[in-house]
Amino acid sequence: MPRITLTPDQPFSLDLSLSCGQVFSWEKEGGVWTGVVGSRVIRITQRGDSLSFSGADPGFIRHYFGLDDDLPDILSSIDRDPIIHAAIERNRGLRIIRQPPWECLASYICATYANIPGIKRRIFLLRQNLGDPVPGRRDGVYSFPSPHTLAGAEPCVLSGCRLGYRSAYLAKTARLIAGDPAWEERVHRLPYREAQKELLRFSGVGKKVADCVLLFAFGKWEAFPVDTWIQRIITTCYPDAGPLKTYDQISAFCRSHFGPWAGYAQEYLYCHRTTLARPCGDLSP
DNA sequence: TCCCAGGCCGTCG
DNA sequence: CGACGGCATGGG
């Protein structure tokens, strides 16, 4: 079984990274995480500084989990106030995962105005109803459906995935992308703001979804997704920022406050949301 | 039964 | 631009 030994100067927590709500298709059973990334079934476990895994080579694992990002450097650069400091102390080792772009985009279209268990359920149904079974010992493991498959899906099959009003958005975007295979390379090449504009062309994609995809799939670290949790945290815990009202005001304040790795700060705040969002921003543990 | 959830779209000032 | 209602569905 392939293995990666982590060095002490580059902390990593598999549990935090997979359970903080950035990915929706990983499951942990008996200490082992299982997920489908593209067409690979990856099984991985962490014991201390050792990662043991199957289904992918070490280079893929390093890239997918961001193990080559200099986390201590990133964290010290965003550690600019007591609020984020507490979030860092509590969640050190959380890394932003590099998701396949289409899976990430489609998942976050399905994630609007829903809670995480509901999102996981819908994406599970999408895989089960429209994905391809992935060869392996265990059945019940399916790849994420391709844009082409989703674009041609029977309406009754798609409605069985319980997406509600998101269903039409996803189908429309799947059709657009099935006829535009260069979208991924285009977004990669563009700087943050123009890449965001490019994603906003897709149906069901507003600024929040676009920023999630830019952060979680394209490594645009300036992206700072503002959802209801982050909005609450910023307005209650950062009153000195002034009366921030619009998405762009909050997002821009956080980019200037946290710097070029603002997206990492967002994820640490989000991971710490239930503590930070309670009344008065109480920092007690 | 309520309220809320990793919001977006269309419409109207 | 900014504000606002509607929206399918499921969790707590």
Side-chain angles (χ1 to χ4, degrees), chain A residues 16-26 87 91 94-97 99 101 103-126 128-129 155-177 193 196-218 220-221 223-237 242-254 262-279:
Chain A
L16 280 173
S17 302
L18 286 175
S19 64
C20 69
Q22 53 177 330
V23 291
F24 304 110
S25 295
W26 283 86
N91 299 292
L94 166 64
R95 285 173 184 263
I96 290 180
I97 289 171
Q99 303 180 36
E103 294 184 24
C104 185
L105 173 61
S107 296
Y108 277 90
I109 287 175
C110 300
T112 62
Y113 200 39
N115 51 37
I116 289 177
I119 298 164
K120 295 179 77 168
R121 168 185 155 83
R122 292 180 175 108
I123 293 174
F124 175 83
L125 288 170
L126 270 175
Q128 182 178 256
N129 293 345
C156 59
V157 177
L158 197 55
S159 72
C161 300
R162 316 303 294 164
L163 300 180
Y165 58 85
R166 308 167 189 86
S167 179
Y169 302 151
L170 183 61
K172 194 170 174 185
T173 293
R175 286 195 293 273
L176 261 177
I177 285 191
R193 188 57 79 177
Q196 187 196 50
K197 194 185 303 178
E198 189 71 19
L199 291 179
L200 289 174
R201 298 186 308 119
F202 297 126
S203 177
V205 179
K207 286 172 181 171
K208 192 271 174 181
V209 169
D211 279 342
C212 283
V213 175
L214 292 172
L215 183 59
F216 298 139
F218 290 98
K220 311 277 186 190
W221 310 112
F224 193 94
V226 180
D227 67 350
T228 56
W229 289 101
I230 292 293
Q231 176 167 29
R232 194 176 314 153
I233 289 168
I234 298 302
T235 54
T236 63
C237 301
L244 303 175
K245 303 187 69 178
T246 67
Y247 185 100
D248 284 332
Q249 284 169 359
I250 296 175
S251 193
F253 162 73
C254 291
Y264 248 97
Q266 193 274 359
E267 201 53 16
Y268 272 77
L269 291 175
Y270 183 80
C271 194
H272 207 47
R273 63 193 177 283
T274 54
T275 300
L276 290 174
R278 68 189 181 201

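Every chain is numbered from 1 and lettered A, B, ... according to where its sequence line falls, protein lines coming before strand lines.
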I need the A/Cys271 SG to A/Leu94 CG distance, nearest 0.5 Å.
5.0 Å
Quick check on [N]: is either OP1 or OP2 less than 4.0 Å from any side-chain nitrogen or oxygen of [X]?
| X | N | value |
| --- | --- | --- |
| A/Lys245 | C/dA3 | yes |
| A/Thr112 | B/dA5 | no |
| A/Arg122 | C/dG11 | no |

Verify stack between A/Tyr113 ring and B/dG7 base, 5.5 Å, 30 degrees:
yes
Has A/Tyr270 got its ring stacked on the base of B/dG6, with centres under 5.5 Å and planes less than 30° apart?
yes
Taking [atom1] from [X] and [atom2] from [N], how many angstroms apart are they, rounded to a whole number?
| X | N | atom1 | atom2 | value |
| --- | --- | --- | --- | --- |
| A/Lys208 | B/dC8 | NZ | P | 7 Å |
| A/Lys120 | B/dA5 | NZ | P | 19 Å |
| A/Tyr108 | B/dA5 | OH | P | 16 Å |
| A/Asn115 | C/dG10 | CG | P | 11 Å |
| A/Phe124 | C/dG10 | CZ | P | 15 Å |
| A/Asp211 | B/dG6 | CG | P | 17 Å |
| A/Arg162 | C/dG11 | CZ | C1' | 15 Å |
| A/Arg232 | B/dC4 | CZ | C1' | 9 Å |

For A/Thr173 and A/Leu170, indicate whether the former's side chain and the latter's backbone hold a donor-acceptor pair under 3.5 Å.
no
Check: A/Leu163 main-chain N/O paired with A/Ser167 side-chain donor or acceptor under 3.5 Å:
no
Determine the contact category for [X]: base if any of its heavy atoms lies under 4.0 Å from a base atom, sugar-phosphate if only primed atoms, P, OP1 or OP2 are that close, otherwise nothing.
| X | answer |
| --- | --- |
| A/Val209 | sugar-phosphate |
| A/Ala111 | sugar-phosphate |
| A/Gly21 | base |
| A/Phe216 | base |
| A/Glu267 | base |
| A/Leu163 | nothing |
| A/Ser203 | sugar-phosphate |

Looking at every heavy atom in both A/Ala171 and A/Leu158, which two are closest together, and how far apart are they?
CB-CD2, 4.1 Å
Which atom of A/Tyr165 lies closest to which atom of A/Thr112, heavy atoms considered
OH-O, 4.1 Å
Honestly, is A/Arg273 close enough over A/Tyr270, meaning NZ or CZ under 6.0 Å from the six-membered ring centre and within 45° of the axis?
yes
Along DNA chain B (nearest heavy atom to each residue), the more 5'-positioned of A/Gln266 and A/Val205:
A/Gln266
5'-most contact on DNA chain B: A/Phe202 or A/Pro117, nearest heavy atom basis?
A/Pro117
Where the side chain of A/Thr246 is defined as all heavy atoms beyond and including C-beta, which of C/dG11, B/dG6, C/dG2 is the nearest nucleotide?
C/dG2
Picking from B/dC9, C/dT9, C/dA8, the nucleotide nearest the side-chain atoms of A/Arg166 would be C/dA8
If we take the P atom in both B/dG6 and C/dA3, what is their distance in whole Å?
24 Å
